[in-house]
Trainee: 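Below you'll find the structure I mean.
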Amino acid sequence: MAREKEITSVLNERRLFKPKKEFSKAAHLSSLEAYKRLYRKAEKDPEAFWAGLAKELSWFKPWKKVLEWKPPFAKWFVGGKINIAYNCLDRHLEGWRKNKAAIIWEGEPGDSRVLTYQDLHREVSKFANVLKGQGVVKGDRVAIYMPMIPELAIAMLACARIGATHSIIFGGFSATALRDRINDAEARLVVTADGGYRKGEVVTLKEKVDEALKETPGVQRVVVVRRTNTPVEMQADRDFWWHDLMKTASDQCSAEALDSEHPLFILYTSGTTGKPKGIVHTTAGYLLGTTVTARWIFDLKETDTYWCTADIGWVTGHSYVIYGILSNGVTTVMYEGAPTYPQPDRIWEIIDKYKVNILYTAPTAIRALIKMGEEWPKRHDLSSLRLLGTVGEPINPEAWMWYHQVIGKGRSPIVDTWWQTETGAIMITPLPGAIPTKPGSATLPFPGIAADVVNREGESVPANVGGYLVIKRPWPSMLRTVWKDPERYKKQYWSDIPGVYFTGDGARRDKDGYFWVMGRVDDVINVAGHRLGTMEIESALVSHSTVAEAAVVGRPDELKGTAISAFVTLELGNAPSDPLKEALRAHVVKEIGAIARPDDIRFTENLPKTRSGKIMRRLLRDIAAGRETIGDTTTLEDYTVLAKLRQEEE
Ligand code: PRX
C-alpha cells in the first residue's frame with residue numbers, strides 16, 4: 001500500500017530544472033541532444049563505446065577482447081594488463097600535477113593534512129613495501145578497519161599496487177561483524193588504528209580487532225596506525241605500529257601489471273539472507289566505470305576541489321572518495337568525523353575553508369541538516385559550490401528543493417545518482433550540463449547502461465506503471481561474483497527475472513523516460529542511506545538467549561528515511577520488560593554495529609504467519625507504520641495475532 005502512495009505523491013512532482021547556460025557551456029556534456037546522441041551511439045555498439053573510453057586509461061598491455069560474456073559471468077578487457085594505483089597516482093607525476101593536492105584531509109578535532117600526488121605516491125609505495133615485508137603477495141586478502149584518515153587511502157592504494165585484494169570493513173561495524181568478514185575473505189593481514197574520532201569520542205578500533213582476532217585463525221599480522229593515542233595492547237610478533245614499519249620502508253615499488261580481471265576488492269553488503277555477501281569487483285572495468293562516471297557526472301575540472309562525505313567503508317567512498325576521483329587527477333577532500341560536530345555547521349565550515357566546488361552527500365544527511373535550521377549554512381560563504389550530488393536512497397522533493405535553494409542558491413545543478421555496491425559506479429543520473437532535472441528523480445541512464453523497468457516476466461512496463469528496476473546488459477564496473485559463492489551471485493541477481501540483472505529496487509519511468517526509484521522490494525531496508533538486511537538483524541536478535549523468534553521491518557522515518565522496527569517473541573520463562581528491550585538493542589549493536597540498532601522493539605506472543613509458516617511482513621510493516629491494514633489477510637493463520645499486536649501498540 002505504501003508503494004502506491006509513494007507513486008501518487010511523486011506523480012505530482014512537475015517541476016523541471018533546466019541546466020543553466022553558463023554551466024552547460026563549460027560542461028563535458030553540454031546539451032540533451034549531446035547526451036541522446038552519445039546514448040544512442042553506446043546502444044548501437046556498447047563494446048566499441050566502452051573500448052573507446054578505455055583507451056584513455058594507462059595500460060601496461062592492451063586487451064585482446066573487450067567483453068567475454070558467459071551469462072551471468074562477465075570478463076571485460078580480456079588479456080589486458082593494468083594497475084589502478086598506477087592510474088590514480090603514477091600517471092599524474094609526469095607533469096605539473098605531481099605537486100597538486102591529491103587529498104586534503106580534515107580530522108574531526110580540526111587538524112588537517114594535505115598530500116600531493118607525489119606525497120601520496122611515495123606513501124603508497126612505502127606501504128606497499130611494508131605489506132610485502134609482512135609476507136603479503138598478489139592475490140592475498142587484506143582487511144582494512146580504519147577511521148577516515150589518509151592512511152586508509154594509502155593502505156587501499158598500496159594493496160591495489162601489489163595486487164592484494166582489499167576488504168574494507170566500515171569502522172562502525174562490531175567485532176563480531178568484523179570477525180565474520182575477515183574469516184569469509186580469509187584475510188591474512190589487518191590494517192587498523194588505535195582509534196578514530198567520531199562526535200568528540202574515540203572509537204576504539206584496535207580493541208575491536210583484538211576481540212575479533214580471537215576467532216580468526218588466518219590472520220597473521222596487524223598493522224596499527226597511531227591516531228588517537230589511546231592505549232592499546234600490542235601482541236608481540238603479531239601487531240606492529242604503522243610508523244615503525246614505514247620508517248625503514250623503501251619508497252621504490254613499481255606497480256604490478258595485473259590482469260584486467262584481477263580482483264581489486266571485496267566489499268560486504270546486506271542481502272536477503274542473514275549472511276552478508278562479499279561483492280567482488282575487479283580492476284580494469286571498475287576503474288573505467290568510476291573514472292568516466294566521475295568525470296561526466298561531477299563534471300570534474302582540473303581546478304576543482306571535490307568533497308564526498310561518505311565513509312570509505314561504503315562503496316561510495318571506494319568509488320567516489322578515492323578511485324574515480326584520483327584517477328581523474330582531481331583534489332579530493334576527506335573528512336574524519338561527523339558532519340555536525342562540534343556544531344551543526346561543520347560541513348559548511350569545511351566547504352568554506354577549502355572552497356569546495358562539488359559536494360556529494362546523502363539525503364539522510366541533507367534532512368538532518370535541514371532540521372538544524374538555515375542559520376547554520378548562512379554563517380558561511382558557500383559561493384565556491386558549483387555542483388551538488390546525492391546518493392544512497394530516494395531524495396524527497398522537499399529535501400531536494402532545500403539543497404537546491406539554500407545550499408546551491410538556485411545556481412548549482414543537483415545530480416541525484418542511483419547505483420549500488422554491486423554496480424560499482426553510478427548507473428542512472430543526470431549529466432549536469434545536459435539533462436534537465438526533476439526533484440526526486442535520478443533521471444536517465446548513463447550512456448552504455450541498459451536500465452529498464454519490467455514486470456516479473458521481464459517485459460518493459462508502460463510509462464508511469466511501477467515495476468522492477470533491471471539492467472539488461474553487462475557493464476564494465478559490474479560485480480563479477482559473490483566471494484566464494486557464484487551460485488548465490490546467480491540466484492540473487494540473475495534468476496528472479498529472466499536474462500537480466502535484477503537490482504532489488506522497484507521503480508517507474510515517467511513519460512519522458514525518467515526513472516523514479518521507489519526503494520527496495522526485497523527484505524532489505526535502507527536506513528540512513530545504509531543497506532541492512534532484515535534477516536541479519538533478525539539473526540542477531542534470535543542469537544540472544546531470551547528470543548524465540550524475531551521479525552524486522554522498516555517503517556518510514558522523517559530523518560533516516562527508514563527506521564528499524566523489530567517484533568520479538570520470547571522463549572518461555574522470559575517476561576517482556578524495558579530493560580530487556582534495552583538489552584536486545586545492545587545485543588544487536590554488539591552483533592552488527594550501531595547502524596543496525598532497532599529503533600523500536602515490540603514483544604508479541606505470536607507473529608502473523610501464513611498457513612505455510614511465512615511471516616507476513618506486509619502486515620507488520622503496516623503495524624510498525626501505524627497504518628490500517630488494507631491488504632489481503634485471507635492467508636493469515638491466526639487472526640487474533642493482528643488484533644493483539646495492535647492492542648499492544650496502544
Ligand atoms: O535502493 C537503492 C538505494 O540504495 C541501494 C544500494 O545501496 P548500497 O549498495 O548500499 O549503495 C549505496 C550507494 C551507492 C539501491 O538498491 N539507492 C541508492 N542511490 C539511490 C537509491 N535509491 C534512490 N535514489 C538514489 N539516488
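One-based numbering, in listed order, for ligands and for the atoms of each.
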Trainee: Which ligand 1 atoms, with their elements, are less than 4.0 angstrom from a heavy-atom of T316?
Mentor: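 Contacts of ligand 1 toward T316, numbered from 1: 13 (C), 14 (C).
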
Trainee: May I ask you to check whether T390 has an N/O atom sitting below 3.5 Å from an N/O atom of ligand 1?
Mentor: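 Between T390 and ligand 1 (N or O atoms, distance only) the closest approach is not under 3.5 Å.
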
Trainee: Strictly by modelled atom types, are D505 and W418 linked by a side-chain donor-acceptor pair under 3.5 Å?
Mentor: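 A pair is found: one side chain offers a donor N or O, the other an acceptor, under 3.5 Å apart.
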
Trainee: Taking heavy atoms and a distance under 4.0 Å, where does Q420 meet ligand 1: side chain, backbone, both or neither?
Mentor: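 It is both backbone and side chain that touch ligand 1.
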
Trainee: State which residue, out of I407, L388, I395, T437, fulfils the side-chain contact (heavy atoms from CB on, under 4.5 Å) condition with I414.
Mentor: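 Exactly one candidate clears the test, L388.
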
Trainee: Relative to ligand 1, is V517 under 4.0 angstrom through side chain, backbone, both or neither, heavy atoms considered?
Mentor: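 The side chain, only.
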
Trainee: Could you see which bit of N526 sits under 4.0 Å from ligand 1, with heavy atoms only: side chain, backbone, both or neither?
Mentor: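 Contact part for N526 vs ligand 1: side chain (C-beta onward).
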
Trainee: If you have a sec, work out which protein heavy atom is nearest atom 15 (C) of ligand 1 and how many Å separate them, to one decimal?
Mentor: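 It is D505 OD2, 3.2 Å.
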
Trainee: Just verifying a value: how many Å separate K277 NZ and T481 OG1, rounded to the nearest 0.5 Å?
Mentor: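 If we round to the nearest 0.5 Å, K277:NZ and T481:OG1 are 11.5 Å apart.
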
Trainee: So if I count the atoms of ligand 1 from 1 in the order they appear, which ones are less than 4.0 Å from some heavy atom of V391?
Mentor: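 Under 4.0 Å from V391, ligand 1 has these atoms: 13 (C), 14 (C).
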
Trainee: Do R508's NZ or CZ and the ring of F515 fall within the cation-pi criteria of under 6.0 Å and 45°?
Mentor: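 The answer is no, since R508 fails at least one limit relative to F515.
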
Trainee: Considering only protein heavy atoms, which is closest to atom 7 (O) of ligand 1, and at what distance to one decimal place?
Mentor: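 That would be R531 CD, 3.1 Å.
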
Trainee: Going by the atom numbers of ligand 1, which of them fall below 4.0 Å from some non-hydrogen atom of W419?
Mentor: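 Close to W419: 6 (C), 14 (C), 15 (C), 18 (C), 19 (N).
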
Trainee: At a non-hydrogen distance cut-off of under 4.0 Å, which region of P394 contacts ligand 1 (side chain, backbone, both, or neither)?
Mentor: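 The answer is both, backbone and side chain.
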
Trainee: Is it true that the NZ or CZ of R480 lies under 6.0 Å from the centre of F73's six-membered ring and within 45 degrees of the ring axis?
Mentor: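 No, a cation-pi geometry is absent between R480 and F73.
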
Trainee: Work out whether the distance between some heavy atom of G392 and some atom of ligand 1 is less than 4.0 Å.
Mentor: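 True for this residue.
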
Trainee: So Y323 and H166, would you call those rings parallel, tilted or perpendicular, with 30° and 60° as cut-offs?
Mentor: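 Correct class here is parallel.
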
Trainee: Regarding Y489 and W494, is there a side-chain donor-to-acceptor distance under 3.5 Å anywhere?
Mentor: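 Checked: Y489/W494 side chains pair up, N/O donor to acceptor below 3.5 Å.
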
Trainee: Could you pull out, from V315, T421, L267, the option with a heavy atom nearest to atom 8 (P) of ligand 1?
Mentor: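 It is T421 that holds the nearest heavy atom.
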
Trainee: Considering the options Y35, F446, Y39, which one meets the ring-ring contact (aromatic ring centres under 6.0 Å, His included) requirement together with W296?
Mentor: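 Answer to the ring-ring contact (aromatic ring centres under 6.0 Å, His included) test with W296 among Y35, F446, Y39: F446.
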
Trainee: For atom 25 (C) of ligand 1, what is the closest protein heavy atom, and at what distance to 0.1 Å?
Mentor: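 Looking at atom 25 (C) of ligand 1, the protein heavy atom closest to it is E393 O, 3.5 Å.
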
Trainee: Tell me whether the NZ or CZ atom of K438 lies within the 45° cone about the ring axis of Y514 and under 6.0 Å from its centre.
Mentor: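 Output yes; distance and angle both within limits.
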
Trainee: Does an N or O anywhere in T269 fall below 3.5 Å from an N or O of ligand 1?
Mentor: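 Looking only at distances, the answer is no, because the N/O contact criterion of under 3.5 Å is not met.
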
